[in-house]
Every structure is written in C-alpha cells, then in structure tokens.
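Worksheet for the structure shown next.
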Amino acid sequence: MTILVGVDGSPSSLHAVRWAATEAVRRRVPVRLLSVCPADAQVEQGHQVLRAAESLAREAAPGAEVRQELRVGLAAALLIEESAAAGLVVLGSRGLGGFAGMLVGSVSSGVAAHGRCPVVVVRGRTLEDPPPAGGPIVVGVDGSAVSDAAVEFAFDEARLRGVPLVAVHTWTDMSAGETWSVLPLDIDYEAVAKDEERLLAERMTSWRQKYPDVEVSAQVVRDRPVRGLLAAAEQAQLIVVGSRGRTALTGIGLGSTSQALLHHSTCPVAVARSISS
Ligand SMILES: Nc1ncnc2c1ncn2[C@@H]1O[C@H](COP(=O)(O)OP(=O)(O)OP(=O)(O)O)[C@@H](O)[C@H]1O
Ligand SMILES: [Mg+2]
C-alpha cells in the first residue's frame, strides 16, 4: 500500500520525504507526496514545494515511484482522511508554523493520534539533523493488543532493513496497573524483575517463530516507560510504540508514553494501531 507523506516545505517535512521515499523502495510501493494549502491563493507555492520535494525523493531513493498531489483544506483533517487508503503516513516533527519552543507540531500529533494506519514522525537529534541511519529497531511492549500491533510493525521493519530488533518492557513499583503482574506492597524486586522477564520472553516466542530471520533481544527495564524507551531509542534508527497502552482511556487518541516519545525521541517514532484503536 502507498506511503503517504505530508509536505509543507519545512526542513522537517523534507526529512520526512527522504525517509518515506527510501522506505517506499524497501517496501516496493509508491510514495505519494501530499501538500495541503489552506487557501487557493497558495496553490502555486504549493506546487513549487511539491516539485522540489519530488526531486529530493528521487535523489534520496532512485527508482522510487513518486506521485504528488495538492489539495486545498485543513492539513490534519485531510491527512487523517487520506490515511484510510495508505499503508503508512510519514510526517516531519515540525512544520512551517508553531513557535520555537514547540517540540512537535499539531498536524503531526493530530495525525499520529487519529490516523487510520501506522504513522511515522521523522525526528533526529535536532530539528535540522537528519534521522539516524543505523542502529536497531526498538519496540515498546506492554502486553496490550495495541502493543502487539507495534511488535508486528517492528518485526516487519527489522526484517525489511536487516537489522536487529530490541523489545523493551518497562516496569516500576508505581505502575502495577501497567505491568502484567499485580505487585504486593512488600515488593521483592528481584522476583518481579524475573517475572517480567519471563512474561516478555513468553510474549516474544511466537513472534520469533514467525520471523526466524530477525535477531531479537529482550530488555526488561525498571524505569518509567517514557524514560526507559527514550534511553533505548538513543541508539536506534526507529522506535515503535502502540497508539495507546494498557491504560487506554476511550476518547483519547494517544497514550502519554507515545505522546512523550513524539516530543522527545532522537530518532523517528512509529505509532502503530490495532484495527479497533
Ligand atoms: N499543509 C500541510 N500539508 C501537508 N503536510 C503538512 C502540512 N502541514 C504540516 N504537514 C506535515 O506535518 C509535519 C508537522 O507540521 P506541523 O504543522 O504539525 O508543525 P508546525 O507547523 O511546526 O506547528 P503548527 O502547525 O501546529 O503550528 C510537517 O513536517 C509535514 O510533514
Ligand atoms: Mg504547521
């Protein structure tokens, strides 16, 4: 299925264009560059931005099948609508608007929260830096159905790229509801850690069988999810999380861990979703 990229001409969206074109060649699918203009008066400028983006895409990924499209309307709404027909949506972390202190733009966080397919927000160490090219794929595993969707996405990416996969599960004494086991008040940390390790290993067994060619390691980290995942992402080329976790509140698009990663990760963040999320 087509990879859809949101293009507003910002440096961050151009990183997204390159990342998406490379991914499209890997997946052998077309890449569709979509620029949304708020009004008819900006259409000519939009076409210019798209032409520049198309040549960047071809340069970054020779052989890519690149299409471009311009629409007039609201960017987040149109991208969410179009995501229903895409296999993946790719966006920059920031756009042309916003203010300096802002970490992720409203289009990116809106589409990541409400898109109908997996959404990748391309990030690097800084806004200007390209995303890291090397390193493993990291996936956050919390045992929820949505995190299973993340695990599947992560295995597919690791296999496509021929890189190792690191499955990370975090737990803390403060987050009994977020772990698989209910913790007693008097906590035997070592026993809990062993338990968590066993549960993560069990969870990964069927995936290892399905993807025998992917090198997998499992890490259980005693830390809060955001800190544990951010630390793991430091070395990674992509971190994959579910749109929501175990403490999913209905009506809220993105869980707090996924949201925090969109703001702070130093590598691209993929937000996967299960059909019902
Ligand atoms: N008009 C648009 N058309 C297509 N894609 C867009 C458009 N605006 C934003 N995007 C996509 O979303 C990414 C993030 O931009 P976003 O608009 O969310 O951030 P911002 O402009 O910094 O802040 P905000 O718009 O919330 O004030 C861009 O890199 C681009 O991929
Ligand atoms: Mg914007």
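Each ligand, and each atom within it, is numbered from 1 in the order the structure gives. Note that the coordinates shown come from a computational prediction; the quantities given were computed from them, not determined experimentally.
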- Message: Take a 6.0 Å sphere around CZ of Arg227 and say whether it holds more than 12 heavy atoms from other residues, nucleotides or ligands.
- Response: no

- Query: When hydrophobic residues are tied together by side-chain contacts of less than 4.5 Å, even through go-betweens, does Leu96 share a cluster with Val17?
  - Reply: no

Check: residues 260-267 side-chain donor-acceptor pairs under 3.5 Å, at least two apart:
residue: His263; atom: ND1; partner: Gln259; partner atom: O; Å: 2.9
residue: Ser265; atom: OG; partner: Cys267; partner atom: N; Å: 3.0
residue: Ser265; atom: OG; partner: Cys267; partner atom: O; Å: 2.7

- Query: side-chain hydrogen bond (donor to acceptor under 3.5 Å, both in side chains): which pairs involve residues 29-41, sequence neighbours left out?
  - Reply: Arg32-Glu69, Arg32-Glu82

- Message: Using a 4.0 Å cut-off on heavy atoms, what residues surround ligand 1? Order them by chain and number.
- Response: Gly6, Val7, Asp8, Ser10, Ser13, Leu34, Ser35, Val36, Ala75, Leu79, Leu91, Gly92, Arg94, Gly95, Leu96, Gly97, Gly98, Met102, Gly105, Ser106, Val107, Ser108

- Which residues satisfy the side-chain contact (heavy atoms from CB on, under 4.5 Å) test with Arg51, sequence neighbours excluded? Glu44, His47, Gln48, Gln68

- Message: Under 4.0 Å between a side-chain nitrogen and a carboxylate oxygen: does that hold for Glu157 and Arg159?
- Response: no

